[in-house]
Amino acid sequence: MQPIEIGVMFWGGGDPLETVRRVKSWGVSCGQIGLPGDMDLAAASADAWKKALAAEGFTLVTVFTAYSGESYADLPTVQKTVGFIPPATRADREARTLLASDFTARLGVPSLATHIGFVPHDGNHPDYVAVRDMVTRVCDRCADNGQTFALETGQEPAATLNQFIADVGRPNLKINFDPANMILYGTGDPIEALEMVKEHVVSVHCKDGNWPKAPGTLGEEQPLGRGAVGMPRFIAKLKEIGYTNALSIEREVHGDQQRRDILEAIALLEKLR
Ligand code: MG
């Protein structure tokens with residue numbers, strides 16, 4: 001059996017060739033690109049990225065879309081600003097997501113993903129109904145483009161996610177499983193959650209973090225292997241469920257610290273995969 005390939009989650013918005021070369025210099029040739037909310041998603045931009053990726057022999061497994069105005073500063077801010085939940089930005093963000101699906105298709109990438117935000121636990125809540133219907137429409141555009149649409153995990157317990165996926169009822173609705181987010185948001189043990197949602201997992205983030213110190217606050221992200229996830233048990237669980245897609249390292253710090261932590265994460269995953 002081939003070992004699972006190690007990749008990196010990185011952000012677009014800069015020069016395509018420079019960006020791809022920088023990520024490749026870390027020693028990986030696959031990963032996920034995040035689209036900042038203000039990034040140009042017109043066809044010419046997609047073509048420039050496609051050319052850069054081909055020139056460097058770099059494979060994207062997922063395109064992540066984010067939205068202008070989002071902030072992960074603390075829990076109430078996440079609730080107010082992230083994903084499909086805030087009503088005032090919903091229509092704009094739906095249009096942006098459909099455009100991101102077309103951008104992803106032009107790149108030839110098989111999966112689009114996003115944080116849709118905190119889904120209410122009550123299935124009759126108006127925000128739940130509106131977001132469920134919005135996700136259904138996004139899934140249909142993704143299906144037309146031959147893609148899966150993946151929900152980033154973390155802000156909902158596994159059971160809520162499973163119920164939401166069942167309620168949307170689209171076979172191309174999947175999960176990008178981020179074990180650290182389950183801990184940072186205090187949502188539940190990530191390995192138990194992975195067991196519960198395993199049939200929907202299409203891609204993963206390799207990220208680490210510590211549990212919140214007090215209720216209602218966020219935990220703190222840590223370099224891979226130094227947080228509470230337990231990377232050996234996470235990778236062992238992925239193998240157990242038959243996961244074969246990339247292990248995309250996500251490290252949400254910048255500059256040289258990000259490079260150093262990613263290099264250390266690659267070395268750790270080389271031993272575990
Ligand atoms: Mg993530």
Side-chain angles (χ1 to χ4, degrees), residues 4 6-13 23 26 28 30-37 60-67 70-75 77-79 81-85 97 100 104 109 111-119 148-158 160-161 173-191 193-194 197-198 200-212 218-231 234-235 237-238 243 245-254 258 261-262 265-266 268-269:
I4 307 171
I6 298 168
V8 166
M9 163 79 197
F10 64 95
W11 286 88
V23 175
W26 298 334
V28 297
C30 79
Q32 302 177 309
I33 188 172
L35 311 179
L60 284 181
V61 296
T62 315
V63 173
F64 254 88
T65 178
Y67 306 96
E70 291 184 313
S71 166
Y72 290 84
D74 53 41
L75 275 181
T77 310
V78 172
Q79 256 155 347
T81 67
V82 168
F84 294 179
I85 303 300
T97 310
T104 303
V109 176
S111 188
L112 176 71
T114 198
H115 264 198
I116 61 168
F118 279 100
V119 175
T148 55
F149 179 57
L151 309 176
E152 170 82 342
T153 59
Q155 295 158 5
E156 291 75 40
T160 306
L161 261 183
L173 182 57
K174 302 288 182 187
I175 284 173
N176 181 82
F177 192 88
D178 185 324
N181 284 351
M182 308 291 305
I183 289 173
L184 298 176
Y185 290 92
T187 338
D189 178 75
I191 310 303
L194 181 52
V197 301
K198 63 185 177 187
H200 305 299
V201 174
V202 71
S203 53
V204 299
H205 281 160
C206 288
K207 193 171 86 180
D208 216 336
N210 287 334
W211 293 95
L218 276 165
E220 205 178 319
E221 193 201 344
Q222 300 294 322
L224 205 70
R226 302 210 210 146
V229 169
M231 275 301 136
F234 179 56
I235 303 302
K237 185 69 189 173
L238 286 174
Y243 179 83
N245 202 356
L247 300 171
S248 297
I249 296 162
E250 183 178 35
R251 181 65 175 125
E252 302 185 273
V253 294
H254 299 285
Q258 186 191 41
D261 290 350
I262 286 176
I266 292 171
L268 174 66
L269 292 178

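We count ligands from 1, going down the list as the structure has it; atoms in each ligand are counted the same way. When reading the values below, keep in mind they use all heavy atoms of this one structure, side chains included, and skip hydrogens, waters and symmetry mates. Treat the numbers as computed from the prediction; the structure is a model and nothing was measured.
- Of the possible polar contacts, none joining the Y72 side chain to the L75 backbone as a donor-acceptor pair under 3.5 Å is found.
- Not counting sequence neighbours, the partners of D189 by the salt bridge (Lys or Arg N to Asp or Glu O under 4.0 Å) test are R233.
- No donor-acceptor contact under 3.5 angstrom links the side chains of T65 and T114, judged on distance only.
- The number of protein N, O or S atoms lying under 2.8 Å from the Mg ion (ligand 1) is 4.
- Between the side chain of T81 and the backbone N or O of S71 there is at least one donor-acceptor pair closer than 3.5 Å.
- Residues passing the salt bridge (Lys or Arg N to Asp or Glu O under 4.0 Å) test with K207 are D178, E250, E252, sequence neighbours excluded.
- For D208, there are no salt bridge (Lys or Arg N to Asp or Glu O under 4.0 Å) partners, not counting sequence neighbours.
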